[in-house]
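As a basis for the values below, the full set of heavy atoms in this structure was taken, side chains included, without hydrogen atoms, waters or symmetry mates.
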Amino acid sequence: MTTSDTETDTPQEPRDFIRERVRSDLTTGTMSQVVTRFPPEPNGYLHLGHAKSICLNFGVAKEFEGRCNLRFDDTNPAKEEQEFINAISEDVNWLGFKWDDEPKYASDYFDTLFGWAEQLIEAGKAYVDDLTADEIREYRGSLTEPGRESPYRVRSVEENLDIFRRMKAGEFPDGAKVLRAKIDMASGNINLRDPVIYRIVHKSHPRTGDTWCIYPTYDFAHGQSDAIEGITHSLCTLEFEDHRPLYEWLIENLPTPASPKQYEFARLNLGYTVLSKRKLTQLVQENHVNGWDDPRMPTISGLRRRGIPAVTIRDFISRLGVTKSESIVDPSLLDHCVREHLNKAAQRRMGVLRPLKVVIENYPEDQVEELDAVNSPEDEAAGSRKVSFSREIYIERDDFMEDAPKKFFRLAPGREVRLRYAYYVTCTDVIKDDAGEVVELRCTYDPETKGGDSPDGRKVKGTLHWVSAKTAVNAEIRLYSHLFTDENTAKLEDFLAAINPDSLEVLSDCKLEASLGEWPVGSTVQFERMGYFTTDLDSQDGALVFNRSMALRDTWAKIQAKG
RNA sequence: UGGGGUGUGGCGAAGUGGUCUAACGCACUGGUUUUUGGUAUCAGCACUCCUAGGUUCGAAUCCUAGCACCCCAGCCA
């Protein structure tokens, strides 16, 4: 069961260089209001890297009482789809952010952009180039050598205007011509070597259909869209630093209604996963995972399906900070945020993932008791429930060891443990199959210890969760772990080779206490001692499916690992 | 041999010349509590801030020179 999201973003002081800048712009009166935007390209699903940008852009706007637009950067119909537009909108919403008015689209400004391109031509600052893509690359020079000017660079304004309009009219095939800004072929910054600003793409656009066959490039659309929307602080990732001079050149040379400024911050990298749209797309298309919302994916939809609450994602992002230094964040920080929240928010139940049958020999055959169990030690208001106890129960296989070391506080031959909320039991016999596999335990219980306390004050070290065989409901439980075996997937030559073969484990014969039989889809519960689990959308009446959202910290596993 | 960035503990990240023998969080280690080996709680964890010089009474913070790493040669964003 989940509680409502608690708002964590209260107005804060400094925090990072961007907020510092915004605050100073506001206090010096450089601008009266902050306006930001989150500008995804609709060519894939949103992931945690985007969450960082979303929290930054929407967060800054909210903290400084400004606005933030959701704007789709839909300038390349070859890659973009309506499905992604819908998914992105849903994810931003789910993360808890509201944009101003309707979502915006770069394609809303195609007419304006075209007019500005014409004006650039008229000013002699843009020209149509007939060079092929290969030739343009050749002419561009290299990182260390200047480029050469295209022979078409000297075309007259009239000719340029005429051809550009005919490009728009559809007279030329893809790639035949491009419009380039006339800047400086010798610049050390390659983005300034006459960048292409319009290209011919005969492709239907998800929003504008077939009305256009030429499309502005990112550089010619992004900053201009910012200006049209009155964006004050255009926040993007580090790889666009080189584009800032071009961003500024275009703003200066175009009659834009405003002069937004671009600021760059380091993108988020997370250990043991990939946060690159290209790689995530590949995982989906090549079926290495089961879709964009596979719970192993670092996508917003994947995390949602796994049962990670939106608040915890916001909390996680807020702890990261915003800087210009590249880093790889340890996923255990996200784990911590999730546990911290769920510990307070999730009710407790008992569920046995790998059942081992236990028969309590001195417990009457037909007796059934309804025992009181607390729903949440963290929230008294959550109340209590009854759990059914009987002669035959299931316990976790890992809670029994035949040759148990001293440090093992659970069940072993001759040892006594507490069954949570029930009785003390002592293991008297171990039953094995022909293969020597333990298939059943025999125990005796102490009737004096009902509820889990011993009147004679004798202590037991271990407390086990259990489920009555008579009333147990069956469920499938899916366990997830890191999608990759390497922390730094960016360094890998072949990232697919590092996919963790054990990232998904499906347990099909789990036994849950009866109260879980009608658990609502998408709700999260803690199975005591095991972790937090959320019903998957595959779950149906009589065929429950739970995702393990997050395991509990496991000190015993650590002790074991140490040997 | 070009241009743009970044370098503070295992991972993030404060720090903007003295209060730095360097915050905070995660991770890790040890103790206490405990009917979840969960939670909570206490304690420990960088004589040092990429390196080397220099300026200064005083530097992680200023200067100089190196070194390392990242990004850029899509008609992708």
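Remark: Tyr105(A) pairs with Phe72(A) by the ring-ring contact (aromatic ring centres under 6.0 Å, His included) rule, at least two apart or across chains. Residues that satisfy the salt bridge (charged side-chain N to carboxylate O under 4.0 Å, His left out) test with Asp174(A), not counting sequence neighbours, are absent from this structure. Applying the ring-ring contact (aromatic ring centres under 6.0 Å, His included) criterion to Phe38(A), with sequence neighbours excluded, gives no partner residue. Remark: Trp212(A) engages Phe110(A), Phe114(A) in a ring-ring contact (aromatic ring centres under 6.0 Å, His included) (not counting sequence neighbours).
Taking atom CG of Leu419(A) as the reference point, atom C1' of U36(B) lies 13 Å away to the nearest angstrom. Per the geometry, CZ belonging to Arg339(A) stands 18 Å off P belonging to U36(B), to the nearest Å. Atoms CG (Asn343(A)) and P (U41(B)) sit 11 Å apart, rounded to a whole Å. Rounding to whole angstrom units, CG of residue Asn269(A) and P of A13(B) are separated by 11 Å. Distance, Lys344(A) NZ to G38(B) P: 15 Å, rounded to whole Å. When rounded to the nearest whole Å, the span between CE of Met185(A) and P of G2(B) equals 19 Å. Look at CD on Glu241(A): it is 19 Å from P on G2(B), rounded to the nearest Å. Computed from coordinates, the Asp16(A) CG to A13(B) P distance equals 11 Å when rounded to whole Å.
Comparing the P positions of C63(B) and C20(B) gives an interatomic distance of 24 Å, to the nearest angstrom. Taking the C1' atom of each, U51(B) and A68(B) are spaced 10 Å apart, rounded to whole Å. Remark: the separation of the P atoms in G18(B) and G30(B) is 40 Å, to the nearest Å. Remark: the separation of the P atoms in G17(B) and A40(B) is 38 Å, to the nearest Å. Spacing between C49(B) and A13(B) at atom C1', rounded to whole Å, works out to 13 Å. The gap from the P atom of U55(B) to that of A60(B) amounts to 16 Å, rounded to the nearest Å. With both ends at atom P, the span from C50(B) to G9(B) equals 8 Å, rounded to whole Å. Rounded to whole Å, the separation between the P atoms of G5(B) and A52(B) comes to 26 Å.
Nucleotide U6(B) forms a pair with A68(B), judged by Watson-Crick or G-U wobble geometry with both contacts under 3.5 Å. A 3.5 Å limit on both hydrogen-bonding distances identifies C24(B) as the Watson-Crick or G-U partner of G12(B). Taking a pair to require two hydrogen-bonding distances under 3.5 Å in either a Watson-Crick or a G-U wobble arrangement, A40(B) pairs with U32(B).
A salt bridge links Arg267(A) with Glu239(A): the closest approach of a Lys/Arg side-chain nitrogen to an acidic carboxylate oxygen falls below 4.0 angstrom. In this structure, Asp486(A) does not pair ionically with Lys491(A), as no charged nitrogen and carboxylate oxygen lie closer than 4.0 Å. By the 4.0 Å N-to-carboxylate-O rule, Asp130(A) lies close enough to Arg155(A) to be salt-bridged with it. With respect to the salt-bridge test (charged N to carboxylate O, under 4.0 angstrom), the residues Lys261(A) and Glu248(A) do not qualify.
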### Task
Assign a letter to each nucleotide of nucleotides 67-77 of chain B from its 5' end: B, base within under 4.0 Å of a protein heavy atom; S, sugar-phosphate only; -, no contact.
---SBBBSBSB
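Among the heavy atoms of the strands lying under 4.0 Å from Thr144(A) is at least one base atom, whether or not backbone atoms are also near. Within 4.0 Å of Glu378(A), counting heavy atoms only, lies at least one base atom of the nucleic acid. Across all strands, Gln526(A) comes closer than 4.0 Å to base atoms (heavy-atom distances). Note on Tyr215(A): nothing from the nucleic acid sits closer than 4.0 angstrom, heavy atoms only. Within 4.0 Å (heavy atoms only), Phe72(A) reaches no atom of the nucleic acid at all. Contact annotation for Asp453(A): base contact, defined as any heavy-atom pair under 4.0 Å involving a base atom.
For the pair Arg244(A) and Phe527(A), nearest-nucleotide mapping onto RNA chain B gives the more 5' position to Arg244(A). Each of Gly462(A) and Arg319(A) was assigned the nucleotide of RNA chain B with the nearest heavy atom; the assignment lying further toward the 5' end belongs to Arg319(A).
Contact annotation: Thr323(A) does not reach the phosphate of G12(B) (side-chain N/O to OP1 or OP2, under 4.0 Å). The side chain of Ser187(A) contributes no N or O atom lying less than 4.0 Å from OP1 or OP2 of G3(B). Remark: His336(A) is in phosphate contact with C26(B), judged by side-chain N or O atoms under 4.0 Å from OP1 or OP2.
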Report, one pair per line, the protein and nucleotides 28-31 of chain B atoms (nitrogen or oxygen only) whose separation is under 3.5 Å.
unit_1, atom_1, unit_2, atom_2, d
C28(B), OP1, Lys558(A), NZ, 3.1

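Shown here is Glu380(A), whose CD atom has no more than 12 heavy atoms of other residues, nucleotides or ligands within 6.0 Å.
G9(B) adopts an anti glycosidic conformation, its chi angle falling more than 90° from 0.
Residue pairs meeting the salt bridge (charged side-chain N to carboxylate O under 4.0 Å, His left out) criterion with at least one partner in residues 325-337 of chain A, sequence neighbours excluded, do not occur; the list is empty. Residue pairs satisfying the side-chain hydrogen bond (donor to acceptor under 3.5 Å, both in side chains) criterion with at least one member in residues 548-563 of chain A, sequence neighbours excluded, are listed as follows: Thr534(A)-Ser549(A). Residue pairs that meet the side-chain hydrogen bond (donor to acceptor under 3.5 Å, both in side chains) test with at least one member in residues 71-80 of chain A, sequence neighbours left out, are Arg71(A)-Asp226(A), Arg71(A)-Glu229(A), Asp73(A)-His222(A), Asp74(A)-Ser107(A), Asp74(A)-His205(A).
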